[in-house]
Amino acid sequence: MSVRAEVASKAEEEEQAEEEAPDPDDPAYYEYLRARHSGRAARVSRATTDHSGYVRAAKPGYELPALPSGRMAVVRRIIQQPTEGVLSLFKGSMTQWLYDVLHVLLQPSLEAVLGEMLGAYDTASAAGALALVASNVVVGWLLSPLELVRTRLVVQSASPLHRKYNGPLHALRLISREEGGLRSIYFSPYHLIPTLMRHSLYAGFRDLGSTCIEFAGIDPYDRPAAFASAGLVWKTLALLVMLPIDTARARLQAQPRYVRRSAQGKGDFREFRPCVAVSSVPYTGMANCMWRIIAEEGASLKQLRKSTDAPTSNVGHYGLRGLYPGLSLQLMLNAVAFGLGFIGDDEAIM
């Protein structure tokens, strides 16, 4: 009887484990699969909270844990994630290459046409600067669907169980079908306003730096050191202005706004599953996004762990830190470029 009781208890445990199989979105799901594969009972504990800025019942298994601030540490964390790996470091690279190629082909041609219409052939003039900025804005707006697709491909989970988009064309087709078509992609305020701001300011900071510095009376030949220092200040200013815009724009692009769900009634609609933690409450616009980043992500992970008041929540720790990811690395690169400029040509700084 004891042998029969032992066999019955084992069978009961296996049946109970079968019945309590975690949902694929549960972090215990992958441990459950490993347990099933090894032939042992799948007894795993389920997390109730994570250590990101948002309080959640459980962190999905495909979602990366709260990422550190160091770039190499982030790369190492992505490689070690079971659902990501080395290839995840190259997600969206083909879309980025296509965007760069089309931008290089279209922007100079449009700038030449606008310069011919305005009678300006030099960016030092107001008409030439206008042609430069306008051509970048128009081409950037025309190619903005590729930027949206690139962000979705980068952010989505690489797990085949949760991956929504299979490639750039598939992503563009699904986004157009589910989120209001190309009209919504081009003219929705969630995409249009950040796109116009980004490309107009970026073109000005990137191509008009030397012109503005010379206009301030600093000649690169008479005062090369002052010109190089002004270039460093200009690049730092560009960084401080552009990083919050790029951060908020990427957050809005990673937030689907479904108008209708494709294949409704067939059961094959897939939600967008990002591999990083996102806000459970959708952002209502660019200003709302920036304010909530300041209010909810102002503290670093080290500060949260040292805090005794709210060790697992970032909410209420006001600060600009969340708007400037990678700022220290960019500042270091600008300083290195500034130093190398004195070794080579003094115009290399700009």
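As the structure is a prediction and not an experimental result, all values here were calculated from the model.
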With sequence neighbours excluded, residues passing ring-ring contact (aromatic ring centres under 6.0 Å, His included) with Tyr99 | His103
hydrophobic_cluster_shared for Val154 and Trp97, side chain cutoff 4.5 Å | no
Sub-3.5 Å donor-acceptor pair from the side chain of Arg251 to the main-chain atoms of Met286, do we have one?
-> no
Residues joined to Leu118 in its hydrophobic cluster, side chain to side chain under 4.5 Å directly or through other members, sorted by chain and number, are Leu130
CZ (Arg163) and CD (Gln156) are apart, to the nearest 0.5 Å, by 7.0 Å
side-chain hydrogen bond (donor to acceptor under 3.5 Å, both in side chains) partners for Tyr202, two or more places apart = none
Taking it one step at a time, do Leu174 and Arg177 satisfy side-chain contact (heavy atoms from CB on, under 4.5 Å)?
-> CA-CA 5 Å; Leu174 279 186; Arg177 182 191 307 166; 3.8 Å; yes
Go through the structure and list residues passing side-chain hydrogen bond (donor to acceptor under 3.5 Å, both in side chains) with Gln253, not counting sequence neighbours.
-> Thr151
Below 4.5 Å, heavy atoms only, C-beta onward: do Glu214 and Asp219 meet side chain to side chain?
-> no
Nearest heavy-atom neighbours spanning Ile218 and Ala230 | CD1-CB, 4.0 Å
Decide whether Leu105 and Leu110 are clustered together by the hydrophobic rule: side chain heavy atoms of Ile, Leu, Val, Met, Phe, Trp, Tyr closer than 4.5 Å, transitively.
-> yes
Tell me whether Val139 is reachable from Leu102 by hopping between hydrophobic residues (I, L, V, M, F, W, Y) whose side-chain heavy atoms are closer than 4.5 Å.
-> yes
Can you tell me how far the CD1 atom of Ile245 sits from the CD1 atom of Ile193, to the nearest 0.5 Å?
-> 12.0 Å
Going by distance alone, is a donor N or O of one side chain under 3.5 Å from an acceptor N or O of the other, for Ser188 and Arg257?
-> no
Heavy-atom distance under 4.5 Å between the side chains of Leu142 and Leu106, does that happen here?
-> no
Verify the cluster assignment for Val133 and Met117: are they in a single hydrophobic cluster under the rule of side-chain heavy atoms below 4.5 Å apart?
-> yes
Quick one: does Lys235's side chain have a donor or acceptor within less than 3.5 Å of a partner on Asn334's backbone?
-> no
Please name all residues satisfying salt bridge (charged side-chain N to carboxylate O under 4.0 Å, His left out) with Arg198, sequence neighbours left out, ordered by chain then number.
-> Asp246
Heavy-atom nearest pair, Trp234 first then Gly204, reads CZ2-O, 3.9 Å
So, for Gly217 and Arg223, which heavy atoms are closest and what is the spacing to 0.1 Å?
-> O-NH1, 3.8 Å
Check: Pro145 and Leu172 side chains under 4.5 Å, non-hydrogen atoms = yes
Carboxylate-amine/guanidinium proximity below 4.0 Å for Arg273 and Glu63 | no
Could I get the full list of side-chain hydrogen bond (donor to acceptor under 3.5 Å, both in side chains) partners for Ser144, not counting sequence neighbours?
-> none
The ring-ring contact (aromatic ring centres under 6.0 Å, His included) partners of His191 (sequence neighbours excluded) come to none
Indicate yes or no: does Glu178 engage Arg173 in a salt bridge with an N to O separation below 4.0 Å.
-> no
Any donor-acceptor pair under 3.5 Å linking the side chain of Ser125 with the backbone of Gly128?
-> yes
Write down the atom of Thr95, the atom of Leu146, and the distance for their closest heavy-atom approach.
-> CG2-O, 3.3 Å
Give the intermediate values and the outcome of side-chain contact (heavy atoms from CB on, under 4.5 Å) for residues Glu271 and Tyr258.
-> CA-CA 10 Å; Glu271 289 285 352; Tyr258 299 119; 3.5 Å; yes
Could you give all pairs that pass the side-chain hydrogen bond (donor to acceptor under 3.5 Å, both in side chains) test and reach residues 131-142, with sequence neighbours left out?
-> Gln107-Ser135, Asn136-Arg206
Distance (rounded to the nearest 0.5 Å) between Cys289 SG and Ile294 CD1 = 10.0 Å
Any chance you could measure Phe338, atom CZ, to Leu333, atom CG, to the nearest 0.5 Å?
-> 15.0 Å
Looking at residues at least two apart in the chain, or sitting in another chain, which of them share a side-chain contact (heavy atoms from CB on, under 4.5 Å) with Ser93?
-> Phe90
How far apart are the closest heavy atoms of Pro194 and Arg249, and which atoms are they?
-> CB-CG, 3.7 Å
Does anything in residues 98-120 pair up under salt bridge (Lys or Arg N to Asp or Glu O under 4.0 Å), and if so which pairs, sequence neighbours excluded?
-> none
In Å, rounded to the nearest 0.5 Å, how long is the span from CD1 of Ile175 to CZ of Arg152?
-> 4.5 Å
Side chains of Phe272 and Gln255: closer than 4.5 Å at any heavy-atom pair?
-> no
Minimum heavy-atom separation for Ile79 to Val86, with atom names?
-> CG2-CG2, 3.9 Å
Identify whether the distance between the nearest side-chain nitrogen and carboxylate oxygen of Arg77 and Glu84 falls below 4.0 Å.
-> no
For the hydrophobic clusters of this structure (ILVMFWY residues joined by side-chain heavy atoms under 4.5 Å, transitively), does one cluster hold both Val233 and Ile213?
-> no
Non-neighbouring partners of Arg150 that pass salt bridge (charged side-chain N to carboxylate O under 4.0 Å, His left out), sequence neighbours left out | none
What do the steps show when you test Leu169 against Val149 for side-chain contact (heavy atoms from CB on, under 4.5 Å), and what is the final call?
-> CA-CA 9 Å; Leu169 294 179; Val149 167; over 6 Å; no
Can you check side-chain contact (heavy atoms from CB on, under 4.5 Å) on Arg292 and Val281, steps first, answer last?
-> CA-CA 10 Å; Arg292 286 177 54 188; Val281 179; 3.6 Å; yes
Looking at residues at least two apart in the chain, or sitting in another chain, which of them share a side-chain contact (heavy atoms from CB on, under 4.5 Å) with Leu243?
-> Leu239, Tyr324, Leu327
Enter the distance from Leu148:CG to Tyr186:OH here, rounded to the nearest 0.5 Å.
-> 10.5 Å
Backbone N/O of Glu179 and side chain of Ser184: donor-acceptor pair under 3.5 Å = yes
Is the shortest heavy-atom distance from the side chain of Pro168 to the side chain of Leu98 under 4.5 Å?
-> no
